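I have placed the structure first, in the form of structure tokens, so that the comments after it can refer back to it.
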Amino acid sequence: LNAPQLLVIGGVAAGMSAASRARRLDPELEITVLEKGPQVSYGACGLPYFVAGKIQASELIVHDAEFFREKRGLDVRTGMEAREIEMGRRRVRAVSVETGQEHLFHFDRLVIATGARVAWPAIPGLLQAPGTKPLPHVFPANTFADTTALDAYLRRSGARHAVVLGGGYIGLETADALHDRGLEVTVVQKTDRILRPFDDEITLRVEQALAARGIALRKGAAALAVTESEVISDAGRHPAQIVIVAAGLRPNVDLAEAAGVTLGPTGAIAVDDGMRTNIPSVFAAGDCAESTHLLTRRPVWIPLGTTANKQGRIAGENAAGPGGRARFAGVVGTMVTQLCGLECARTGLSEREAEDGSFRAVSVEIEQYTHAKYLGAGKLYVKLIGEPGSGRLLGAQMAGPSAGKRVDVIATALCARMTVEQLSQLDLSYHPAVAPVWEAVLVGAHELLKKM
Ligand SMILES: Cc1cc2nc3c(=O)[nH]c(=O)nc-3n(C[C@H](O)[C@H](O)[C@H](O)COP(=O)(O)OP(=O)(O)OC[C@H]3O[C@@H](n4cnc5c(N)ncnc54)[C@H](O)[C@@H]3O)c2cc1C
């Protein structure tokens with residue numbers, strides 16, 4: 001009898017986590033991974049450091065396809081693009097990116113891990129012609145292939161000015177990286193807010209950090225056209241021998257949707273907590289799939305590497321054999337970024353999200369040294385959000401040294417459904433070189449308690 005076949009589409013965080021987990025649980029399973037790009041299993045989150053010239057691209061590759069073939073017994077096919085899932089016939093039609101040759105891959109179980117794609121704004125001049133390739137000086141900065149092409153262009157073109165279209169964290173991290181690389185950078189942001197998941201108190205600090213670094217930010221400026229030497233927006237003309245498209249992401253779901261996989265209200269693939277789609281033995285994980293928000297209990301689409309790895313592992317476990325019971329617990333929207341030396345982190349609901357989500361929200365803001373001043377501590381800004389009456393903790397936003405790890409305390413409290421009072425009583429560590437006696441999280445919780 002032939003071993004069951006598990007097919008995975010997409011070979012980065014979610015896809016390789018799924019394949020590796022399934023292999024660990026079932027050494028007999030035949031596992032094939034189709035990846036249209038040249039690399040599998042790389043750390044996309046480190047791409048800005050490669051763009052900045054601080055690391056080699058190869059340092060981002062966790063393991064190459066060869067490793068997975070030889071050490072894990074996974075049939076990894078790079079440069080192989082899945083074009084159609086023939087659900088009824090339980091097979092995927094794929095095409096070699098290099099030769100154009102068609103291949104058919106049978107599956108008994110399928111994991112869709114196709115990630116997210118860059119939303120391409122309809123601005124004249126970005127593409128060579130409608131529906132075709134970008135102009136040679138226009139790049140997204142989301143994948144290994146995008147950034148190796150960008151790096152090569154930077155080396156040969158001698159470009160001096162760059163415009164980044166979009167003030168989300170990927171756009172801003174790339175802007176920071178290009179600045180490190182010696183370019184004059186302008187970020188053109190259509191709306192009047194950057195970094196949408198953050199409240200204004202944080203974005204203001206980021207704007208100050210960008211300005212201090214010398215990165216120009218044009219908010220509320222819609223890009224109207226792109227030429228070989230500039231971006232024209234309704235705020236003026238911005239010189240640009242390089243244009244980065246970072247104006248948003250969409251779940252990459254066309255393949256799944258065409259095969260009858262149900263999408264959720266966010267536009268990403270609807271999954272249960274075992275990462276199962278509406279079609280038996282078909283799973284989805286990572287940036288192409290939804291998650292449940294633990295505070296609102298609603299489906300959300302928060303495309304992050306942390307979630308992709310965890311969801312991939314769950315999908316792989318459940319796809320490894322019938323009766324898999326692994327569950328993905330859900331998310332609270334925890335994220336951290338580092339921009340122009342400023343660490344910004346958030347978890348739970350921002351004040352705006354809480355109000356939109358019909359919570360009654362109150363907040364407090366504090367600033368606290370991260371450890372003893374005499375040992376060179378910096379100040380951490382903390383905003384804590386809670387719901388008066390219920391005493392419920394709703395979220396936190398932080399900026400400054402150690403924001404990421406301190407926000408993780410709040411994320412843990414949110415996952416454990418703690419009240420603000422319970423948070424204020426946590427037994428947290430103290431040492432002059434590491435944390436103050438009254439840790440920022442505790443001070444914030446005590447202040448918030450007064451309003452609850
Ligand atoms: C610059 C940058 C910085 C980031 N920083 C962070 C961070 O600090 N923290 C964090 O948590 N997250 C971060 N992220 C997000 C994180 O990288 C993603 O959430 C994560 O990579 C998603 O993993 P995934 O496997 O779902 O999707 P992807 O990594 O997008 O992988 C999907 C793969 O599927 C392949 N694919 C798609 N369609 C097909 C097809 N038809 N056939 C074959 N292959 C296909 C694609 O080529 C792609 O390689 C960052 C992302 C970027 C771009």
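Note that ligands are numbered from 1 as they come in the structure, with each ligand's atoms numbered from 1 the same way. This structure is a prediction, so every number in the text was calculated from the model and none was measured.
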Does NZ or CZ of R109 come closer than 6.0 Å to the centre of the six-membered ring of F283, within 45° of the ring's axis? no

Check for me whether the distance between the ring centres of H63 and F68 falls short of 6.0 Å. yes

Provide, line by line, the atom pairs where ligand 1 and the protein bring an N/O atom each to a distance under 3.5 Å; else say none.
residue: ligand 1; atom: 11 (O); partner: G305; partner atom: N; Å: 2.9
residue: ligand 1; atom: 11 (O); partner: T306; partner atom: N; Å: 3.4
residue: ligand 1; atom: 12 (N); partner: G305; partner atom: N; Å: 3.0
residue: ligand 1; atom: 14 (N); partner: Y169; partner atom: OH; Å: 3.0
residue: ligand 1; atom: 19 (O); partner: D287; partner atom: OD1; Å: 2.9
residue: ligand 1; atom: 19 (O); partner: D287; partner atom: OD2; Å: 3.1
residue: ligand 1; atom: 19 (O); partner: L304; partner atom: N; Å: 3.4
residue: ligand 1; atom: 19 (O); partner: L304; partner atom: O; Å: 3.4
residue: ligand 1; atom: 19 (O); partner: G305; partner atom: N; Å: 3.0
residue: ligand 1; atom: 25 (O); partner: A13; partner atom: N; Å: 3.1
residue: ligand 1; atom: 25 (O); partner: A14; partner atom: N; Å: 2.8
residue: ligand 1; atom: 26 (O); partner: D287; partner atom: N; Å: 2.8
residue: ligand 1; atom: 41 (N); partner: A82; partner atom: O; Å: 2.9
residue: ligand 1; atom: 42 (N); partner: A82; partner atom: N; Å: 2.9
residue: ligand 1; atom: 44 (N); partner: K36; partner atom: N; Å: 3.1
residue: ligand 1; atom: 47 (O); partner: E35; partner atom: OE2; Å: 2.6
residue: ligand 1; atom: 49 (O); partner: E35; partner atom: OE1; Å: 2.8
residue: ligand 1; atom: 49 (O); partner: E35; partner atom: OE2; Å: 3.0

Any ion pair linking D272 and R327 (charged N to carboxylate O, less than 4.0 Å)? no

Quick test of your reading of the model: are D176 and R213 salt-bridged, counting only N-O distances below 4.0 Å? yes

In terms of side-chain heavy atoms, does Q39 have a donor or acceptor partner in S41 at a distance below 3.5 Å? no

Ignoring hydrogens, what is the shortest heavy-atom contact between A141 and L47? Give both atom names and the distance. O-CD1, 4.3 Å

